[in-house]
Amino acid sequence: MEEKNTPLATVYQPQDVEQKWYAYWLEKGYFSCDINPDGEPFCIVMPPPNVTGQLHMGHALDATMQDVLTRFRRMQGRRTLWLPGTDHAGIATQAKVEEALAKEGLSRQEIGREAFLEKAWDWKHRYHGRIVKQLQMMGSSCDWDHERFTLDEGCSAAVRETFVELYEKGLIYRGSYITNWCSHCQTTISDIEVEHNQRAGHLWYLRYPYADGSGYVVVATTRPETLLGDAAVAVHPEDERYRDKVGKTVILPVMQREIPVIADEYCDMEFGTGAVKITPAHDPNDFEIGLRHHLPQITVIGKDGRMNENAGKYAGMTLLECREKLVEEFRSLGLLERVEDLEHAVGECYRCGTPIEPLISPQWFVKMAPLAAPAIEAVRSGETRFVPARFARTYTNWMENIRDWCISRQLWWGHRIPVWYCQDCGEQICTREDPVVCPKCGSKRLEQDPDVLDTWFSSALWPFSTLGWPEKTKLLEEFYPTSVLVTAYDIIFFWVARMIFSGMEQMGRAPFHDVFIHGLVRDDQGRKMSKSLGNGIDPLEIVNQYGADSLRFTLTMGNSPGNDMRFQWERLEGARNFMNKIWNASRFTLMNLSDDQPDAYPLQLTLADQWVLTRLARVCAEASANLEKYEVGEALRAIYDFAWDEFCDWYVEMAKHRLYQGSPAEKHTAQHVLCVTLRTILELLHPFAPFITEELWQQLPHQGETIMLARYPDGSGMTLYPEEEQRMQMVMEVIRSIRNLRAEMNVPMGKKAPVVLACDAAAQAVLQECEPYLLRLAQAAELSFVTGGAAPDKAAKAHVRGVDIYLPLAGLIDLDKEISRIEKEIASTENELKRLAGKLANASFLAKAPAEVVEKERAKETEYQAKLDSLRKHLQLFR
RNA sequence: GGGGCUAUAGCUCAGUGGGAGAGCGCUUGACUCACAUUCAAGAGGCCACUGGUUCGAAACCAGUUAGCCCCACCA
């Protein structure tokens, strides 16, 4: 064959093409939401990554899913906005900036609020660029002109408006309650930011003597150090053991404080001794009990995580030191009854792992009950739909049991709480504009609340703040509610739920139609990827090594909605191999293209052409349907199977004969079908593998500037040839059968051998038409047809779809081997027949099963019977 | 304490009531003019267990077992 020049190397090198195309797309503005101005709007707001971090595999999965959906919709002609952005991540970012300061020997207090915020902004700018680069290297087709940041001007305006509105409605309030204090992060955190982990601990049984000298009550505690702040001992009102003790007082040892014995239903009679020490200032339950019984709140633990001045001689000690010393003192006083081992849940900060200390302090809260109700209804009514649906239940259960949300944080990096306090009259002022004078007393001595808001407060507004709210922008009008939110299940409470109630409250409509939930990317042993385990993988490393398309492919293929996936390097090789396969199929096609005009010759579609075009149409429909259902992995699998197995391994091989030896018209037809099919495969594949598909599409004959804006093939308007499809599949089965016989008989791969076929006239016509394929794909030296009893006797035989296949190999085949092979085949056929016969003898099957199913089973029976007869007859010859 | 997920080939996983699938690994053969990042052939499954629904269940329902996860104020 003459060597034709192609610009393509034999092995695909993603590095050569990816950056080039991303730059091209950006330059042409294809990511802009204005690119299909007349299309129905489609919008995804990107879950904003923390601006301080760098992207991990979870982000890569999230971005890939969003990009697949976005590119799919854009190719459908939708007016598509994928809005990118980042999150200021209050605690995390502040911690990093403080860390950096510490290296210079400075603290934020030393440099002051303003200087600190400057540093934080510097930090933000530096890391932001990295995240954008990572997203771009993965091919994310977001509209960068609409990129947002949770702390930018617009988002800040949305936060201010929301806060003031909720404040005015009485849905935001300030109060002294017990909240979760992290002594490491030096701030309160909300309930869901506390992780409850099982930890090995002890249960100390301590004796509290009654004040009247009548013995003592024994209380059990896991945290002896808090007893210094005890305000009571509580028992269950129906607990017989303590019936006559309620109303007495006990002397709190060490502190020598007299505290009452009270009755409260909170107590569990089964646990410990049934008597509980009550520390209102350091335990949420005790706090509630304290309120019910008007107990004093005695704080003995400070914000620094040490015992404070109320702890007497233990003041200044860490909690653990105090615990040890205190237990020792009880022991020496004879007041330690016993110690048990106990595994119990300890609340720890989800950021830094420090044990959380419940502390009382004035904080800001969002009243949740009135906000939760419409948010629950939005999902119940189907206004917002979770995919998979089971997550709706997770959401609803949580929302129904929600408690008020503590939104103030003792940080500097974030949205400062828009409330001022008059230093003269104490008035609390919350307004849209910064106040200058106190509206009550006219004083100018106003001080703003020093705290900032929980980062999630601004994230909760993301679906509309990014579209321009509180301004009435065109963008907001067009794209709100957004189409779908794509995120992992671990963030449903933190973020999804809060966006839904915020959307209902501020916009009156839920922020998205669908919530597409995916799982987490775990390591190859199924462990969560984390910094402490050191098992995290940088997506960029993979992009550099295998290319972005392979990374995206690996994250998509075989991934089902809502389920976790394991990340394995070996799978990347599979992905890379597939890219290389597509590359080489294109290379082959380009090498065999001639410069004919499209209509130089009339098309003469062969059976193979009709078959592949039919299969292509079916795959287009399947892929589209699956993408519509968010079955992204299934869509890709269908494309992958067709592209590799049917197109590359079968059709390309079948086209070769015409390409190399065909008449000009035959050659032209093969080229045409090859080209159309390949181009359609590239279009189908584009949302999953944007780079390689653009590179190849541009080299093939095409219309338009970019594959990004080609119409996504959904099979509509494509001609189906169902009968030809069946015929071709029969031929393929015959070829497979011949290959199988040859392998079983140890006929060397390259050795040509004669093949004899016996079948009816119709099948013979089909097989004769396909003779070139049999010669090439089945290594047949020559093809001959027999009728009646003229079949060769010294031959290996198989039977497929009414066709007897003989491999006459006199002197070459091993008789015994062939006999045992045939016997095995007969046995399995008999088995199949028995099963079918049983089914077809079943009256209720015949009566109730759909006619087409019954018909199918009957046809199968006929087929198997024919096969059995044929093989039995063959076996006779050897005996 | 409540809720959820998972259980399919040696491994990782798809499977949407009607002939058990893929990739990797394994065995055998092949440097065939797009590709050895390839091709061909093969071995390998009581679809966790027990019931139920159904003409028909890997799939739907109930229970059991094992593993994982989430929520929850039991000292």
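The sequence lines fix the lettering, A, B, ..., with proteins before strands; numbering per chain opens at 1. Just so we're clear, the structure is a prediction, and the values are computed from it rather than from any experiment. Computed over heavy atoms, backbone and side chain alike; hydrogens, waters and symmetry mates excluded.
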Give me the distances for all protein-to-nucleotides 39-43 of chain B N/O pairs that come in under 3.5 Å?
unit_1, atom_1, unit_2, atom_2, d
C39(B), OP1, K581(A), NZ, 3.1
C39(B), OP1, W644(A), NE1, 2.4
C39(B), OP1, D649(A), OD1, 3.1
A41(B), O3', N740(A), ND2, 3.3
G42(B), OP1, N740(A), ND2, 2.5

Base-contact (B) and sugar-phosphate-only (S) positions in nucleotides 13-21 of chain B, heavy-atom cut-off under 4.0 Å, - elsewhere: SSSB-BS--

Per-nucleotide protein contact string for nucleotides 66-72 of chain B, where B marks a base within reach and S marks sugar-phosphate only (heavy atoms under 4.0 Å, - for neither): ----SS-

Selection from A34(B), A75(B), C73(B) that lies nearest to any side-chain heavy atom of N285(A): C73(B)

Y266(A) side-chain proximity, nearest of A34(B), C74(B), U37(B): C74(B)

Going by an N to O cut-off under 4.0 Å, is there a salt bridge joining [X] and [Y]?
{"X": "R223(A)", "Y": "E357(A)", "value": "yes"}
{"X": "K860(A)", "Y": "E832(A)", "value": "no"}
{"X": "E634(A)", "Y": "K629(A)", "value": "no"}
{"X": "R801(A)", "Y": "E733(A)", "value": "yes"}

Would you indicate what [X] reaches in the nucleic acid, counting non-hydrogen atoms under 4.0 angstrom: base, sugar-phosphate, or nothing?
{"X": "R776(A)", "result": "nothing"}
{"X": "V219(A)", "result": "nothing"}
{"X": "Q779(A)", "result": "nothing"}
{"X": "A847(A)", "result": "nothing"}
{"X": "Y640(A)", "result": "sugar-phosphate"}
{"X": "D268(A)", "result": "base"}
{"X": "G274(A)", "result": "base"}
{"X": "Q568(A)", "result": "sugar-phosphate"}

Phosphate oxygens OP1/OP2 of [N]: is one of them under 4.0 Å from a side-chain N or O of [X]?
{"X": "R571(A)", "N": "C24(B)", "value": "no"}
{"X": "Y660(A)", "N": "A34(B)", "value": "yes"}
{"X": "N746(A)", "N": "G29(B)", "value": "no"}

Donor-acceptor pair present, R576(A) side chain and U37(B) base, under 3.5 Å: yes

Would you kindly give the [atom1]-to-[atom2] distance between [X] and [N], to the nearest whole Å?
{"X": "R858(A)", "N": "C55(B)", "atom1": "CZ", "atom2": "P", "answer": "18 Å"}
{"X": "N197(A)", "N": "C73(B)", "atom1": "CG", "atom2": "P", "answer": "14 Å"}
{"X": "L846(A)", "N": "C55(B)", "atom1": "CG", "atom2": "P", "answer": "13 Å"}
{"X": "F578(A)", "N": "U38(B)", "atom1": "CZ", "atom2": "C1'", "answer": "15 Å"}
{"X": "M591(A)", "N": "C35(B)", "atom1": "CE", "atom2": "P", "answer": "7 Å"}
{"X": "M745(A)", "N": "U28(B)", "atom1": "CE", "atom2": "P", "answer": "19 Å"}
{"X": "R587(A)", "N": "C33(B)", "atom1": "CZ", "atom2": "C1'", "answer": "11 Å"}
{"X": "E573(A)", "N": "U12(B)", "atom1": "CD", "atom2": "P", "answer": "18 Å"}

Counterpart residues, ring-ring contact (aromatic ring centres under 6.0 Å, His included), relative to Y630(A) (two or more places apart): F516(A)

By side chain to side chain contact (heavy atoms under 4.5 Å, CB included) - contacts of [X] (at least two apart):
{"X": "A497(A)", "answer": "Y395(A), W398(A), M399(A)"}
{"X": "N563(A)", "answer": "R390(A), S560(A)"}
{"X": "R576(A)", "answer": "Y546(A), S550(A), E573(A)"}

5′-ward residue of the pair G574(A)/V652(A) relative to RNA chain B: G574(A)

Residue whose nearest RNA chain B nucleotide is more 5′ - R390(A) or Q13(A): R390(A)

Bracket string, RNA chain B, 5' to 3' - pairs by Watson-Crick or G-U geometry under 3.5 Å, | interstrand: (((((((..((((....[..)))).(((((.......))))).....(((((..]....))))))))))))....

Other residues, nucleotides, ligands: >12 heavy atoms within 6.0 Å of K834(A) NZ: no

Identify all side-chain donor-acceptor contacts of residues 638-648 of chain A below 3.5 Å with residues at least two apart in sequence or on another chain.
unit_1, atom_1, unit_2, atom_2, d
D641(A), OD2, R637(A), NH1, 3.1
E646(A), OE1, R615(A), NE, 3.1
E646(A), OE1, R615(A), NH2, 3.0
E646(A), OE2, R615(A), NE, 2.8

Interface with RNA chain B, restricted to residues 221-235 of chain A and to heavy atoms under 4.0 Å: T221(A), T222(A)

Axial cation check for Y205(A) ring with R338(A), 6.0 Å and 45° limits: yes

Cationic tip of R498(A) above W405(A) ring, under 6.0 Å, 45° of axis: yes

Which value, in whole Å, describes the distance between the [atom1] atoms of nucleotides [N] and [M]?
{"N": "C69(B)", "M": "A62(B)", "atom1": "C1'", "result": "23 Å"}
{"N": "G17(B)", "M": "G25(B)", "atom1": "C1'", "result": "33 Å"}
{"N": "A9(B)", "M": "U16(B)", "atom1": "C1'", "result": "23 Å"}
{"N": "U65(B)", "M": "A57(B)", "atom1": "P", "result": "26 Å"}

Distance-only polar pair, side chains of Y208(A) and D230(A), donor-acceptor under 3.5 Å: yes

Check against ring pair (Phe, Tyr, Trp, His ring centres under 6.0 Å), F688(A) and F578(A): CA-CA 12 Å; F688(A) 305 91; F578(A) 178 62; over 10 Å; no

Euclidean distance, L846(A) CG relative to K839(A) NZ, rounded to 0.5 Å: 11.0 Å

Distance (rounded to the nearest 0.5 Å) between N559(A) CG and H518(A) NE2: 8.5 Å

Minimum heavy-atom distance G347(A)-V194(A), with the two atoms named: CA-CG1, 3.7 Å

Residues which pass side-chain hydrogen bond (donor to acceptor under 3.5 Å, both in side chains) with D341(A), listed by chain and number, not counting sequence neighbours: H202(A)

Test side-chain hydrogen bond (donor to acceptor under 3.5 Å, both in side chains) applied to E861(A) - qualifying residues, sequence neighbours left out: none

